There are 2 protein chains.
Amino acid sequence: MKIVDMRLTPIAMADPPLLSSYGLHAPYALRTVVELVSEDELTGAAETHGGQGPLADLARARPFVVGRHAYDLARLWLAVGRERGDPPVDDATEQDAPTYPAQTYTLPGEGRLDAPLRVYAALEVAALDLIGKSVGVPVCDLLGGRVRDEVPFSAYLFYKRAGGGGSGQDAREDRWGEVLDPGAIVEQAKRMIAAYGFGSVKLKGGVLPPEQEIAAMLALRDALGPAIPLRIDPNAAWTTDTALRVGTALAGTLEYLEDPSPGLAGMARVRRGLRDAGVGTPLASNTAVTSFADVPAAIQSGGVQVILSDHHYWGGLRAITQLGRVCETFGIGLSMHSNSHLGLSLLAMVHLAAATPHLTYASDTHYPWQDAADEILVGGRVRFKGGAVGVPTGPGLGAELDQDALARGRERYERCGYRNRDDEAEMRRHVDSEWRRVVPRW
Amino acid sequence: MKIVDMRLTPIAMADPPLLSSYGLHAPYALRTVVELVSEDELTGAAETHGGQGPLADLARARPFVVGRHAYDLARLWLAVGRERGDPPVDDATEQDAPTYPAQTYTLPGEGRLDAPLRVYAALEVAALDLIGKSVGVPVCDLLGGRVRDEVPFSAYLFYKRAGGGGSGQDAREDRWGEVLDPGAIVEQAKRMIAAYGFGSVKLKGGVLPPEQEIAAMLALRDALGPAIPLRIDPNAAWTTDTALRVGTALAGTLEYLEDPSPGLAGMARVRRGLRDAGVGTPLASNTAVTSFADVPAAIQSGGVQVILSDHHYWGGLRAITQLGRVCETFGIGLSMHSNSHLGLSLLAMVHLAAATPHLTYASDTHYPWQDAADEILVGGRVRFKGGAVGVPTGPGLGAELDQDALARGRERYERCGYRNRDDEAEMRRHVDSEWRRVVPRW
């Protein structure tokens with residue numbers, strides 16, 4: 001089944017002013033939709049990072065994609081990985097496959113070094129959707145079959161400025177209001193749980209002084225009770241001393257502590273310090289470990305007990321099923337990281353989770369922060385039940401693109417003016433003209 | 001695509017009297033052929049370990065197989081892994097998946113502990129053949145696509161008693177004669193290379209006193225020249241002192257040294273000793289590392305630089321593609337182990353190798369030791385060119401079972417009387433009535 005066309009559509013969606021140690025979310029989040037069209041006129045689709053960089057990266061892959069058999073993915077990766085602009089290669093060997101190091105100091109998925117992995121991942125997901133549609137089976141079956149029929153996600157709480165995201169004709173209602181203290185965080189958690197049924201809760205920290213974030217976590221614990229596991233993720237905003245203080249204050253409260261301090265050395269120091277203090281809280285990471293090349297040192301350091309994977313930048317769905325085996329083999333937990341995304345990415349995560357036996361925690365998702373008006377799937381937004389998404393049983397990813405909605409997303413992209421993600425710039429624009437990301441900050 | 005029938009056919013093939021540290025090959029090698037039949041009357045097939053044990057193990061899996069969708073493999077593994085005789089489970093989770101330790105002291109693939117992995121592996125290969133045939137793509141494409149069009153194998157030299165294998169109407173010509181000294185080993189290598197074009201050579205050692213095997217390797221080096229990489233595998237028959245003596249004597253001669261001494265601790269001591277002596281020869285293993293559960297200790301010990309995988313007992317083709325990622329991630333080499341087999345197993349290895357980028361050495365195969373009269377594929381034996389097998393481009397494994405040949409294999413199984421592999425018993429019968437396997441022997 002030959003691929004005869006590759007369509008790339010840059011889109012924008014309204015995004016509320018969420019806060020993190022990276023800065024402030026812009027009024028628009030950017031995504032790119034990849035469509036691969038087969039000679040028999042089927043279409044497979046995938047969603048990935050947005051803006052002009054990812055768009056240009058994907059466009060450069062066109063000569064490797066068009067004319068290739070949809071199943072011919074290993075050689076597609078070799079071609080994209082080398083990214084030399086050559087036509088598809090047939091003599092590729094493993095010696096040619098590049099590897100990529102972690103990128104602690106860039107936004108996950110935004111570094112230049114691992115761009116080829118992101119390009120390939122989007123193409124792989126679209127190709128698997130295409131294959132699934134051509135043979136009439138769900139993507140999870142192409143990955144080895146499902147071990148679960150429902151995939152649990154975690155509520156993803158954010159400190160937030162007032163505002164609903166978007167502007168002008170794309171302005172969205174602010175359904176969440178300003179959230180800058182423990183009471184508002186608890187309110188956000190309760191509303192998100194009521195709407196989606198989430199059974200675990202994560203707070204994006206690293207925004208306020210640590211004592212305030214400790215207070216928020218304790219308030220969540222008191223409000224939600226022990227049946228709801230809690231996590232906090234300051235995106236490496238804390239010194240190891242601060243991380244030890246927070247980790248000790250939240251002993252017994254956290255399911256895991258995510259990226260408390262920068263780098264594997266920092267993570268390992270936090271882990272040792274917590275254990276010396278009798279605190280067994282596992283540490284999770286999606287900044288100190290962002291590629292297979294990081295895994296040996298991560299394991300050896302003892303500073304990472306849970307890897308937060310992301311098929312968008314680890315190199316696709318099959319790569320994460322392999323990461324699952326790596327984690328299972330070494331007794332490391334596995335879950336999924338998320339960036340702002342729509343339903344197409346969510347469904348790819350769901351199929352992947354279904355086919356990854358060793359997925360040990362509910363995954364992250366930004367999905368509740370996006371607005372129904374921006375969804376690009378026929379039938380609208382993907383539904384949650386009990387905090388989980390049912391694994392589709394239809395062919396491919398189990399959804400079709402709504403071409404009108406996609407066109408509106410593209411028009412929104414053209415209108416909005418944003419062409420890359422720069423949370424620091426937004427922070428300077430709206431909060432503090434001198435603001436810089438500092439790691440660690442506290 | 002529902003599986004409506006599972007056919008199991010035990011077969012026997014003539015096998016010459018090959019020697020190893022396990023003992024002596026019997027006149028017959030046993031295999032089991034699994035056929036899975038779909039509701040639309042397609043058939044997928046796989047070949048695995050033979051005799052009554054593997055046959056009974058596979059037969060017990062029938063309730064998990066018949067009625068299951070051919071793509072529903074992850075849950076098939078969970079069901080087989082638990083092997084409780086329950087009907088297929090739909091609520092299985094990763095908590096249920098068992099793991100298995102290494103089995104240094106049993107024949108590879110013959111231990112009881114990892115029988116479920118072998119059962120599942122055979123079923124997975126047959127299911128993938130079935131899927132490939134139903135959608136018209138080769139198995140390597142179902143695993144992620146091919147990175148190579150030809151898969152290189154190594155010549156597999158054996159010390160050998162006179163005799164061609166089989167008996168009575170199944171007796172085969174002795175094409176190789178008695179091989180018990182360096183001159184005969186060199187002759188065997190030359191003839192095997194002339195017939196198959198192999199570009200690397202392995203000697204099954206641990207049979208004669210080490211000095212004689214060193215002499216054989218040096219004779220091979222002198223006769224074949226430096227362009228042909230050499231390996232020796234005594235199957236853990238040597239003490240670490242002996243292994244150091246052999247490894248030092250063969251410094252610069254070996255591509256890798258395979259399983260010189262028992263267990264990871266022994267392997268690690270050999271590796272350290274060789275490095276202290278300035279010898280960098282990598283160590284390979286298929287006895288100290290036979291499952292994912294062994295991998296962390298294998299890596300940590302420093303005693304294994306190359307894992308010799310075998311999809312028949314590691315848990316199937318997808319499991320080995322995952323092992324490939326594990327090995328790539330940790331900088332460990334990967335190749336393939338072989339037991340006596342026919343063309344169906346060979347083709348499964350070829351598809352797997354095609355879809356495993358990180359396969360770093362030519363794989364083992366016993367195939368040259370089997371006779372054309374025993375092959376079970378339509379069209380007869382798989383062909384080698386330049387020591388390699390071309391990756392089939394047809395659907396599934398790229399071959400069909402010759403049902404007449406399969407029936408003859410079954411009749412041979414019924415006639416021959418062998419029901420399990422016992423190389424020690426053969427040794428006692430033909431060589432030394434007191435013979436026992438001793439590890440290490442020298």
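Keep in mind that this is a model prediction, so the values were computed, not measured. Protein chains get the first letters and strands the later ones, always in sequence-line order, with residue 1 at the start of each.
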Subject >> Criterion side chain to side chain contact (heavy atoms under 4.5 Å, CB included) on A:Y71 and B:V135, from CA distance to verdict >> reply: CA-CA 11 Å; A:Y71 286 91; B:V135 300; 3.9 Å; yes
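- When the heavy atoms of residues 138-146 of chain B are compared with those of chain A, the residues falling under 4.5 Å are B:D141, B:L142, B:L143, B:G144, B:G145, B:R146, listed by number.
- Annotation: ring-ring contact (aromatic ring centres under 6.0 Å, His included) contacts involving residues 119-147 of chain B, sequence neighbours excluded, comprise B:W77-B:Y120.
- More than 12 heavy atoms of other shown residues, nucleotides or ligands fall within 6.0 angstrom of atom CD in B:E39.
- Atom CZ of B:R325 and atom OG1 of A:T329 lie 13.5 Å apart (nearest 0.5 Å).
- With a 4.5 Å cut-off on non-hydrogen atoms, A:A354 does not touch chain B at all.
- For B:S134, no part lies near chain A; criterion is any non-hydrogen pair under 4.5 Å.
- Both the backbone and the side chain of A:V326 come within contact range of chain B, judged by heavy atoms closer than 4.5 Å.
- Taking each heavy atom of B:Q322 and A:T321 in turn, the nearest pair found is NE2-O, 3.7 Å.
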For a quick test of your reading: what N or O donor-acceptor pairs under 3.5 Å do the side chains of residues 121-129 of chain A make, sequence neighbours left out?
residue : atom : partner : partner atom : Å
A:E124  : OE1  : A:L317  : N            : 2.6
A:E124  : OE2  : A:R318  : N            : 3.1
A:D129  : OD1  : A:K133  : NZ           : 3.2
A:D129  : OD1  : A:L397  : N            : 2.8
A:D129  : OD2  : A:A45   : N            : 2.8
A:D129  : OD2  : A:K133  : NZ           : 3.0

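- Residues passing the salt bridge (Lys or Arg N to Asp or Glu O under 4.0 Å) test with B:R62 are B:D5, sequence neighbours excluded.
- When each of B:V295, B:L323, B:L73, B:V137 is checked for heavy-atom pairs under 4.5 Å with chain A, B:V137 comes out on top.
- Residues B:F292 and A:F330 fail the side-chain proximity criterion, which asks for heavy atoms closer than 4.5 Å.
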